[in-house]
Amino acid sequence: MLTGLFNYWVVIILMMAGLYVVMASRHLVKKIVGLNIFQTAVFILFISMGKVGGGTAPILVEGTTLYSNPLPHVLILTAIVVGVATTALGLAIAVRVYEAYDSVDEEDIAAMDTEDRRQESAVTTVTNTPS
Amino acid sequence: MSAVLMMGFFSLLCSCIFMVLDAVDVAFTEAAVGAGASTIFFLAAIAIVGRTSKPSKPGKTFIPLIACIATGTLLFYASFDMPYFGKADAPIHQHVAPRYLQESAGEVGPPNVVTSVLASYRGYDTFGEVGVVFTAFIGVLLLLGAGTRRTGVERPAPPNVNEESMRQKVVLREVADLVIAPVLIFALYVQWHGDFGPGGGFQAGVIFASAIILYALIYGIVPAQQLLPPRKLAYLPGVGLLLYAGVGVYSMLRGGNFLDYDMVASNPLDGQHYGILIIELGVGITVASVMINIFFSLSERSL
């Protein structure tokens, strides 16, 4: 009965989709979107592991004895809010990068950095020659 | 742009999945965060950095693709060792979870076990999480400023074209007017009812913040900042965190351990009740004010 592992497979596919976006996309904001997808895959992993077949939500009521595991719920609900705060931090960094480079394209930024370094070394060689 | 909107739908779908998997509190949080806060943050960011992106060079996507397929295959192989979905005898259900489910009604009180675990059994964890939210807020503040630039004396004539046009859209404005006040009241309900039903400080904070963000989107950022001056709002995350820590210190002064609510009142169950209410309030204040502040900081930059 391999269908019992279906939840893990969904998580793996989502996780790899997120990882692919992080690695392959050039746009910094899209990379953060990829990170978010990856993060959500982890959330689904935790929550699906906490599910007990036939159980209900972990709010105690008379006459019910089978509940899903509350611990992953606690971990993930705080992780979601922490996740949005850290996402905002990532976006803030992207905004500052844009203000400094006028671009959020990874390769353009790398090209500008190489150009800067080349010019700097040119300047230092020029100033070094007279002395 | 479309990627960000897809993200919003994706997280709404996820919250439905969480609902089906019995995680009502998590579904609640994901719906509020995904549809409310994070989508707006992304939109504010791409309003600044531009929505177009160059396509990746064909050669550059090859290595990531191979890496992802390889990692995915390995994880797929590893998944065969995992316990089947929904099995009650899986290792995850054997350790501390039975105690939480059986004893929490007598030891802590609230029928919502998630709240008892979050606020009482694992109060240190939650304190750490609130600390992380606070730290991320400090980071955004350092990077972008507190959103106070336009409340100063020399206010330049803002290019308020978008804000003006928003306010003139009758349907949007009327619906927002209708919705904002109930959403704020609902946030307070979620805050104080978290012991008994799904809810608590985290969800309430995000819901409260999304109502304020909706107000700012429709009526413009300036009226919203007059309502909640960013300079004063920037103190609130610290107030919330200190309220949380204060409960811990108070329980130490009463002779218990840090965050041991049994000592907060003469009767342990009453103590747990007061302790949870106060720390949830601290969490709610911190989360709501952090979200509103981040929104102000990000949207300031795009004007």
Side-chain angles (χ1 to χ4, degrees), chain A residues 1 4-9 12-13 15-16 19-20 23-27 29-30 33 36-37 40 43-44 47-53 55-61 66-74 76-78 80-82 84-89 91-96 98 104-105, chain B residues 3 7 11 14 17-18 21-26 29-30 33 37-38 41 45-46 48-49 53-54 56 61 64-65 68 71-72 75-76 79 82 84-86 88 92-93 96-97 100-101 105 111-114 117-118 122 126 129 132-133 136-137 139-140 143-144 202 206 287 290 294 298 301:
Chain A
M1 251 283 280
L5 297 172
F6 184 65
N7 58 326
Y8 302 113
W9 301 342
I12 292 169
I13 291 168
M15 213 181 247
M16 289 306 116
L19 188 64
Y20 177 75
M23 290 200 287
S25 175
R26 295 170 65 176
H27 197 273
V29 176
K30 280 194 179 167
V33 171
N36 261 295
I37 295 173
T40 312
F43 297 163
I44 295 176
I47 298 299
S48 67
M49 282 170 81
K51 167 79 179 169
V52 176
T56 60
I59 296 171
L60 302 174
V61 280
L66 196 57
Y67 299 99
S68 284
N69 194 334
L71 188 56
H73 299 184
V74 173
I76 294 311
L77 111 73
T78 53
I80 289 174
V81 177
V82 168
V84 69
T86 47
T87 299
L89 188 63
L91 290 171
I93 294 173
V95 165
R96 287 306 296 261
Y98 178 75
V104 281
D105 188 294
Chain B
M7 270 280 305
S11 74
C14 280
I17 292 176
F18 294 150
L21 293 174
D22 295 343
V24 277
D25 283 273
V26 183
T29 320
E30 179 71 42
V33 165
S38 81
F41 292 165
I46 56 172
I48 304 170
V49 302
S53 68
K54 296 177 194 157
S56 311
T61 58
L65 193 64
C68 287
T71 320
L75 287 174
F76 197 77
S79 77
M82 297 295 278
Y84 283 172
F85 173 73
I92 184 176
H93 306 306
V96 285
Y100 290 156
L101 287 168
N112 186 355
V113 186
V114 174
V117 178
L118 178 103
R122 305 196 71 89
T126 311
E129 308 273 15
V132 174
V133 171
F137 161 69
V140 174
L143 284 166
L144 295 181
F202 285 99
V206 180
V287 170
V290 164
I294 290 175
L298 271 174
R301 290 274 166 167

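Computed from a predicted model, the values in this text were never measured in an experiment. So that the names make sense, note that chain A is the first sequence line, chain B the second, and so on, each numbered from 1.
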**Item:** Proximal component of B:Val287, with respect to chain A [non-hydrogen, under 4.5 Å]
**Value:** side chain
**Request:** Flag the pair A:Leu5 / B:Tyr84 as yes when at least one side-chain heavy-atom distance between them is below 4.5 Å, and no otherwise.
**Result:** yes
**Item:** Residue pair B:Leu144 / B:Leu298, side-chain heavy-atom distance below 4.5 Å
**Value:** yes
**Asked** Which bit of A:Tyr8 comes within less than 4.5 Å of chain B, counting heavy atoms only: side chain, backbone, both or neither?
**Response** side chain
**Request:** Please state whether the side chain, the backbone, both or neither of A:Val82 comes within less than 4.5 Å of a heavy atom of chain B.
**Result:** both
**Request:** Could you list the residues that satisfy ring pair (Phe, Tyr, Trp, His ring centres under 6.0 Å) with B:Tyr100, not counting sequence neighbours?
**Result:** B:Tyr121
**Region of A:Ile93 in contact with chain B, defined by heavy-atom distances below 4.5 Å** = both
**Contacts of B:Arg122 that satisfy salt bridge (charged side-chain N to carboxylate O under 4.0 Å, His left out) - sequence neighbours left out** = B:Asp125
**Heavy-atom proximity to chain B below 4.5 Å, by part of A:Thr87** = side chain
**Item:** Contact origin within A:Ile37 toward chain B - heavy atom pairs under 4.5 Å
**Value:** both
**Request:** Counting only heavy atoms closer than 4.5 Å, note whether A:Ala88 contacts chain B via side chain, backbone, both or neither.
**Result:** both
**Message:** Are A:Val52 and A:Tyr67 packed together at the side-chain level, in the sense that at least one heavy-atom pair is separated by less than 4.5 angstrom?
**Reply:** no
**Message:** Under 4.5 Å from any heavy atom of chain B, what part of A:Ile47 do you find: side chain, backbone, both or neither?
**Reply:** both
**Asked** Quick one: what part of B:Val33 sits under 4.5 Å from any heavy atom of chain A, side chain, backbone, both or neither?
**Response** side chain
**Asked** Based on non-hydrogen pairs under 4.5 Å, which of B:Ile17, B:Thr71, B:Leu21, B:Val290 is most in contact with chain A?
**Response** B:Leu21
**Asked** Looking at side-chain heavy atoms only, is the closest gap between A:Leu66 and A:Thr56 below 4.5 Å?
**Response** no
